[in-house]
Protein chains: 2
Amino acid sequence: MELDERKRKILQAIIRNYLETGEPVGSRTISKYTDLNLSSATIRNEMADLEELGYILQPHTSAGRIPSDKGYRLYVDTMLQEKEEQLSQATQEVKEMQQILLEKEDKMEAILKQMAKVLAVNTNYATLVSAPQVKGNKLKFIQLSRVDVRQLLTTIVVEGNVIKNTMIQVAEPLDDETLLKLNILLNTNLNGLPIEEINLAMIARLKHQAGIYNDIIAEVMDAVAAVIKEDEDIEIYTSGTNNIFKYPELSDHQRASELITTFEEKQLLTELVQDTLTEENSTGIQVYIGNETPVKTMKDCSVVTATYELEEGMKGTIGIIGPRRMDYDKVISTLKTLKSQLDTLYKKEDTQ
Amino acid sequence: MELDERKRKILQAIIRNYLETGEPVGSRTISKYTDLNLSSATIRNEMADLEELGYILQPHTSAGRIPSDKGYRLYVDTMLQEKEEQLSQATQEVKEMQQILLEKEDKMEAILKQMAKVLAVNTNYATLVSAPQVKGNKLKFIQLSRVDVRQLLTTIVVEGNVIKNTMIQVAEPLDDETLLKLNILLNTNLNGLPIEEINLAMIARLKHQAGIYNDIIAEVMDAVAAVIKEDEDIEIYTSGTNNIFKYPELSDHQRASELITTFEEKQLLTELVQDTLTEENSTGIQVYIGNETPVKTMKDCSVVTATYELEEGMKGTIGIIGPRRMDYDKVISTLKTLKSQLDTLYKKEDTQ
DNA sequence: TGTTAGCACTCCACAACATCGAGTGCTAAT
DNA sequence: ATTAGCACTCGATGTTGTGGAGTGCTAACA
């Protein structure tokens, strides 16, 4: 059996209708909904075929049909309609984002949180934003300052202006000259190095050069190591988790509790983010339908993600999590627009 | 009508039983549960009295009784049993906390998150931890560093070792000498000042002294202002929100959705934290029962909070949010122990 | 006078049952 | 190939009835 044009149209109609209502859709509905001018009986025959082909399924014998994962997949891959109006509608949220990014000060964290929130409010789905990873970035600046007689402050700036601080308690006071020497030593040796390359061998060499300042160097290196390590567990911000209650198919106790937990324990989401970052395709947009998602607790959800790249190597993820019957059109076009805005942001800034 | 000893005992028995089961408790149950050796009929009479006095109520005519807010209040105020075993049991979690605090490095944020989590896992309630506020604290260290030709890094350390950074873009490069001068100017003028006192008048004076470096001073002051402002909105960490699903009385759609939203939009919790911090009583522990809580969405919950003080003026809050029928005994003793641990932490550290 | 046994009554929870209607598959006619 | 018609299925919804837990009240008792 073939999936001819008419079957495709009917499938499309079924999915569209189901996305709107969330109810199984029957043959009579389709018979009127489409401009195919076919009777419900004909539709019924076609539907039986579509079911056999695996694109739709029946919750029970005398109910209408709902799309299967395979059906959604086909829809997402080949049937999305990029209407103009849709696009302009999508930019609604994107405009708000731009506003946020313009006022961006330097509080990356606050911006990302805000982004997640605006997206959630506008889409009525749960959202997720991962902070850009500094993977492969270079150390730009390192400094020791004396804050107190026995307290030193390590300040480390990585490319992309990620700033980290650590306090170090020293056993015996350092004089200004020593401090200056240490700073020069650190900067000449470490500046410009990708943070991943600052490893044990490097530390050993520095310790050697440091001579009597062994202990302090060791502590500073620990701080640097902490920075590197810290960036390994990705920061993820979520918003709109309560939106799941808007979709009955997700909000029974069992599922709701699992999902809420997943959103709270953000490390459960890293798998998703990682997957997105690695499996990047040409558009930078990925759609996970139902069981396709890497996170098992989301098997009844669909997830649409976009990978953005602020600067060379600074990649992050934006994700939207909702029910299978998600408004893919809107979500995808929103993410596409947002992604392109973010992608060009750095360049713009650079040339301004 | 008086609340005599027997009535108290019956009330206590009703509450205890209800805390365990969550079901309305009937006269027959109490008749056997207590060692009063009274028949169910007698209990019934007493229960009618207790209801008239407002300590208990009936969900419907032929159901048992459940405690009213007034009943819970009396229980919490006068009937808590601080068994020894209870206390030692409570310290279970506290020990984990101590562990966490010992490994504390300097990542306040991580510690607080972890604290919230451990508490949530152990108690089966939702938890909240607010970061200590720096209110009234003094500026300890301020420094400008050149990171790049046109980028300056402002590092500000406040007492209690809260560190803030801001990047400043400057129009034209500064030479080393100027930078040094600026640093001296900033430190001599600002060090030791309570951050609240760094206001417009101060800025004006500095601008005057700064002469041609007007612009940079202005920017630095903005950064300082940002630090102050930032500490106004309290940081709150929550955990175990999914625990609400363990209590049927909280987990219908309506309530669950509201609660989840409240926990996600943490600013909705600031009111609670503020209230706790201001209305501090002798024990430092506060119990809000049902409608007593400042947050309306929690009218079906009870909240127990503790105020801890790391250093002079650095106060924070720990809270446990659960159903009205919360295990007050356990929660309160856990929080008491934890609070005292935190309160003494700073002193210990200082003298070690 | 306080306590208790007994009893009629109330009301919810739960199960059994009936009903309705949307939707189907199939057949036969067009 | 399409469609009208029909018997059938099955969940959703509503009705009814029964059981049991619990009450309040009364009368008897210590």
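Source: prediction; values computed, not measured. Because only heavy atoms are used, hydrogens play no part in the values below, and waters and symmetry mates are left out as well, while side chains stay in.
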Q: Between the side chains of B:Thr238 and B:Lys266, does any donor sit under 3.5 Å from an acceptor?
A: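 The criterion, which ignores hydrogens and geometry beyond distance, is satisfied for B:Lys266 and B:Thr238.
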Q: Which of residues 40-62 of chain B have a heavy atom under 4.0 Å from DNA chain D?
A: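 Per residue number, the list reads B:Arg44, B:Met47, B:Gln58, B:Thr61, B:Ser62.
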Q: Verify side chain to side chain contact (heavy atoms under 4.5 Å, CB included) between B:Asp275 and B:Glu271, making sure each step is shown before the conclusion.
A: CA-CA 6 Å; B:Asp275 192 273; B:Glu271 215 171 330; over 6 Å; no
Q: Could you check which residues of residues 6-15 of chain A get a heavy atom under 4.0 Å from DNA chain D? Sort them by number, please.
A: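 The stretch gives A:Arg6 as the residues lying under 4.0 Å from the strand, ordered by number.
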Q: Tell me whether B:Ser68 contacts the main-chain N or O of B:Tyr55 through its side chain, where contact means a donor paired with an acceptor under 3.5 Å.
A: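 Yes.
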Q: Using the test ring pair (Phe, Tyr, Trp, His ring centres under 6.0 Å), find all partners of A:Tyr247 that sit at least two apart in sequence or belong to another chain.
A: A:Tyr125
Q: Does anything in residues 25-43 of chain A form a salt bridge (Lys or Arg N to Asp or Glu O under 4.0 Å)? List the pairs, not counting sequence neighbours.
A: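 Residue pairs passing salt bridge (Lys or Arg N to Asp or Glu O under 4.0 Å), neighbours aside: none found.
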Q: Checking B:Thr293 against B:Lys299 for the side chain to side chain contact (heavy atoms under 4.5 Å, CB included) test, could you report, in this order, the C-alpha distance in whole Å, the side-chain angles of both residues, the deciding distance, and whether it holds?
A: CA-CA 7 Å; B:Thr293 114; B:Lys299 63 182 164 40; over 6 Å; no
Q: Can you name the side-chain contact (heavy atoms from CB on, under 4.5 Å) partners of A:Glu258, sequence neighbours left out?
A: A:Gln254, A:Thr297
Q: For DNA chain D, which residues in residues 21-39 of chain A have a heavy atom at a distance below 4.0 Å?
A: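 Contacting residues: A:Asn37, A:Leu38, A:Ser39.
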Q: Under the side chain to side chain donor-acceptor pair (under 3.5 Å) test against A:Ser302, which residue among A:Tyr328, A:Tyr72, A:Tyr288 passes?
A: A:Tyr328
Q: Just by distance, do the side chain of B:Arg255 and the backbone of B:Glu249 share a donor-acceptor pair under 3.5 Å?
A: yes
Q: Looking just at side-chain N and O atoms, do A:Arg16 and A:Tyr75 make a donor-acceptor pair shorter than 3.5 Å?
A: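 Indeed, the side chains of A:Arg16 and A:Tyr75 share at least one donor-acceptor pair under 3.5 Å.
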